[in-house]
Amino acid sequence: MANEAPELLQKREVKVRREGLPDLENAEHGKVVLRFAPNPNGPLSFGHARGLVINSTYREKYDGTFILRFDDTDTKVKPPMLDAYRSIEEETEWLIGRKPDRVVIASDRIEEYYQHAMQMLEGGFGYVCRCSAEEFKVHRVGMTICPCRGQSNEDNVVLWNSMLKGVFKPGDAVVRVKTDMTLKNPALRDWPALRLQDTKAHPHPRPSVASNYIVWPLLDFQSAVEDHLQGVTHIIRGKDLMDSTRKQKLLYEHFGWSYPETMYWGRVKVHEWGGFSTSQMRKDVEAELYDGWSDPRLPTLQALKMRGIDSKALRSFWLELGITQKDISVPLATLYSHNTKVVDGTAPRLTFVRHPITFTLEGEAPSEISLPVHPNDASMGVRTWSLGSKEILLEGEDLEKMDLRLKEFADVALNDTIASMGSMERNDKRPIVHWLSSDQCRECILRYTKDNEIHHVNGQVETHAYTAGTIVQLERIGYARVMEDDSLLLCHEDHGEENA
RNA sequence: GCUCGCGUGGUGUAGCCAGGUCCAUCAUUACGGGUUUUCAUCCCGUCGACCCGGGUUCGAAUCCCGGCGCGAGCACCA
């Protein structure tokens, strides 16, 4: 067969379904260097997870290097938040399951950027532009050359030193990369590389940086230079930065460097959340509209973790989406289904009765019963309930029928406040309900989020000793996380609302 | 306006570069059924898609041209 039609065999091989992420272009095992570069103007959110997951997964795949880089070069528009440096490192480790191989902070590297700026001016492929933003826009749109462009290299160096010395105010001077004012894409025409910032009025939050510098690189310059310095081989990022790549390539050509391979993903929205921004969240958190950054209504990684979303679920979620350039909108149900798969096998079962109603048990009841901690895993042991008090709690919603089966126990017939025991064996189709023995429970609040509000249901939970952070499954209700204050928070929202 | 990118079932996704075994993959959702002393897990099944119009070709989801739709960039933000 192979001899008769080799091309058919070859074709079939190509069409085999690909497992996981596609191969990287020009990737050599052990030599791939990737990075993820957030602005620490707040903790990481859902969308950041994509960059972390994709890049770190390639790091594993190629046994390469993964760099976490803080792009903290703006002190006014999107000022960094001091706490975020620490929390981003923690969130990164939580999500990708290891520390980054290297951490780089842009604000520690200003002198490097200065050197390259100087090189650029001396090499004649950059210039200090003293046009206002409005003036330059006219040139950009009109494809005309601005007067500053013709300055000699020496003049540019003099002006550069004046910038450093604080001769100019923010807005009065900027360093531009000389590209070509007639480029088809207006975004690329003599783009700005470094600018002035009033760091007296807007100091950098890191004490070691504070007001030390007034000249700061812009993203495209900082990122380009740093990628080169760190030996980054592959850049995988959002497609909103496609023009960034084009700008940076032009700079790389000037420097004689070769640009990394690039890949992009499209925009992602979540049905339930719509659009959100770190800046807006920061305002809302600071205005105390939310209970901190880990408020379960927020799309931050902290909040997701607090909601009981496992990092493995987040990883498989983003890996499933892959790196297509399509702009998509996904429902949370997709994330939840990943989470269920991760969590179900190990979530101990627990009973929670919402708005409990007490009945007295009548009949020949054993003094105690035992029920499995997990129905599919006997090794997780049993929970033992005492029935000494003969008092049981049922959920109001379940009382429409008078003949019920108490889960893992016995049939009962309800009459007024009496529950008369029937068969211990199951021998009819009466509904099975969850219930509690009053010997084995305590008051508890069950919280859940819905429509950007936190709701709660009062009830009784089976006595347990699970520590904060444990994901349990409330039988017939859903997965929940044991909270620090001993309340429970539903992982996948909704539910619990029937009696609320 | 200029520039760039993207359009496969309800939602995602594979296939597209190297056209045929694609009456299109897998997952998820919804619905139905089975297992189960949970409305969980697990298993089975059903519904459901190549943006439109031309062209090339024996043959187009795949290549070409044109349209339409959506998104992003054109910041001294990242």
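Below, chains carry the letters A, B, ... as their sequence lines are ordered, and counting in each starts from 1. Here the structure is a predicted model, which is why all the values come from computation and not from measurement.
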Has the side chain of A:Gln473 got a donor or acceptor atom sitting under 3.5 Å from an opposite partner on the base of B:U38?
-> yes
Closest approach to the side chain of [X], judged atom by atom: which nucleotide of [options] is it?
X        : options             : result
A:Lys326 : B:A40, B:C4, B:G7   : B:G7
A:Arg405 : B:U29, B:C42, B:U37 : B:U37
A:Arg426 : B:C76, B:U37, B:U28 : B:U37

A:Trp191 and A:Phe221, any side-chain heavy atoms less than 4.5 Å apart = yes
Sub-4.5 Å side-chain heavy-atom contact between A:Asp284 and A:Met281 | no
Given that A:Gln197 and A:Asn185 both sit by RNA chain B, which one's nearest nucleotide is further toward the 5' end?
-> A:Asn185
In terms of the nearest nucleotide of RNA chain B, which residue is placed more toward the 5' end: A:Gly322 or A:Met424?
-> A:Gly322
Flag the pair A:Trp318 / A:Trp265 as yes when their ring centroid distance falls below 6.0 Å, and as no otherwise.
-> no
At under 4.0 Å between heavy atoms, what does A:Thr278 touch on the DNA or RNA strands: base, sugar-phosphate, or nothing?
-> nothing
Rounding to the closest angstrom, what is the interatomic distance between B:C16 and B:C22 at atom C1'?
-> 12 Å
Checking A:Arg176 against A:Phe136: charged group under 6.0 Å from the ring centre and within 45 degrees of the axis?
-> yes
